[in-house]
Amino acid sequence: MNFDTKAFREALGWFPTGIAVITVGPPAGAGAQTRLEASHIGITVNSFISVSLDPPLVLWCIDRRSRRYPAFAEAPGFTVSILASGHKAVSHRLAGAGEHSLDGIALIPTQLGPPALAESLAVFECTRESIQDAGDHAILIGRVLRFVHHEGVGAPLVYFRGNYGALAQGTPPDGAAGRRTTDSNQDP
């Protein structure tokens with residue numbers, strides 16, 4: 001049986017996801033002068049999820065074929081910034097191939113080192129717990145050391161069917177199309 005990877009990817013696009021940017025510092029092996037001159041890098045992901053509350057663990061995935069993979073796989077820790085709708089341009093810039101320097105992006109320092117994006121909905125500072133191979137990607141699991149969330153920054157940036165959008169806040173209006181599983185005892 002042939003597996004249609006294009007159709008599979010399209011079907012996965014029907015699952016709306018939040019967007020995060022993961023940042024790491026200069027390579028650990030760089031000398032002091034090189035580390036001061038080296039830039040932090042970032043990558044846009046929509047694979048960020050929580051794993052465990054005790055211990056506090058999160059994960060995200062990266063393509064092992066990415067030129068950025070070694071920097072993220074070898075980093076002792078990383079910072080996760082959950083993006084607001086105003087981060088669309090930053091998300092797009094750090095999503096594709098090419099430049100992934102954080103130069104020119106509004107950042108805030110963290111205790112861990114890799115900076116967070118300013119105006120993020122939430123920030124998680126993590127040490128690397130483990131890396132697992134999973135097909136053409138790697139799963140990076142991080143232990144959360146510190147976190148913060150910001151009220152009133154804006155709506156979450158979401159990704160759905162290949163497009164950016166913003167998640168509306170509040171309760172769906174009465175008469176909205178669709179049904180919740182609690183609306184009826186009938187099987188779908």
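- Rounded to the nearest 0.5 angstrom, L94 CG and S81 OG are separated by 10.0 Å.
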- Take S120 and H87, measure what side chain to side chain contact (heavy atoms under 4.5 Å, CB included) needs, and give me the verdict at the end. CA-CA 8 Å; S120 295; H87 287 114; 4.3 Å; yes
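- Atom SG in C126 sits 7.0 Å away from atom CG in L145 (nearest 0.5 Å).
- A search for side chain to side chain contact (heavy atoms under 4.5 Å, CB included) contacts involving S91 returns I19, T44, L83, L157, Y164, not counting sequence neighbours.
- Residue pairs meeting the salt bridge (Lys or Arg N to Asp or Glu O under 4.0 Å) criterion with at least one partner in residues 44-56, sequence neighbours excluded, do not occur; the list is empty.
- Taking Ile, Leu, Val, Met, Phe, Trp and Tyr as hydrophobic and joining them when side-chain heavy atoms fall under 4.5 Å apart, one finds I108 isolated, its cluster having no other members.
- Judged as a side-chain hydrogen bond (donor to acceptor under 3.5 Å, both in side chains), and not counting sequence neighbours, R128 has no contacts.
- In terms of the side chain to side chain contact (heavy atoms under 4.5 Å, CB included) criterion, residue partners of F15 (sequence neighbours excluded) are, by chain and number, T17.
- Under the 3.5 Å distance criterion, the side-chain polar atoms of S66 are matched with a main-chain donor or acceptor of R68.
- Across every non-hydrogen atom of P114 and G77, the tightest pair is CG-O, 4.3 Å.
- S130 has its side chain within reach of Q132: a pair of non-hydrogen atoms, C-beta onward, lies under 4.5 Å apart.
- In this structure, S101 and H40 have side chains that are not in contact, with every pair of non-hydrogen atoms separated by 4.5 Å or more.
- Around the CG atom of L53, the shell of radius 6.0 Å holds no more than 12 heavy atoms that belong to other residues, nucleotides or ligands.
- Sequence neighbours left out, the pairs with a member in residues 141-153 that pass side chain to side chain donor-acceptor pair (under 3.5 Å) are Q111-R146, E125-R146, E129-R143.
- A distance-only check finds no donor-acceptor pair linking the side chain of T79 to the backbone of A116 [under 3.5 Å].
- Under the 3.5 Å distance criterion, the side-chain polar atoms of H92 are left unmatched by any main-chain donor or acceptor of A89.
- Within the structure, salt bridge (Lys or Arg N to Asp or Glu O under 4.0 Å) pairs that include any residue of residues 132-142 comprise R64-D133, R65-D136 (at least two apart or interchain).
- Here the side chain of T23 pairs a donor or acceptor atom with the backbone of P115 at under 3.5 angstrom.
- Through direct or relayed side-chain contacts under 4.5 Å between Ile, Leu, Val, Met, Phe, Trp and Tyr, V45 connects to I22, V24, I41, I43, F48, V58, W60, I62, Y69, F72, F78, V80, I82, L121, F124, I131, L140, V144, F147, V153.
- Side-chain contacts under 4.5 Å among hydrophobic residues (ILVMFWY), followed directly or transitively, place F160 together with W14.
- Side-chain contact check for D103 versus I105: every heavy-atom pair is 4.5 Å or farther apart.
- Clustering of Ile, Leu, Val, Met, Phe, Trp and Tyr side chains at separations under 4.5 Å places V148 together with V123.
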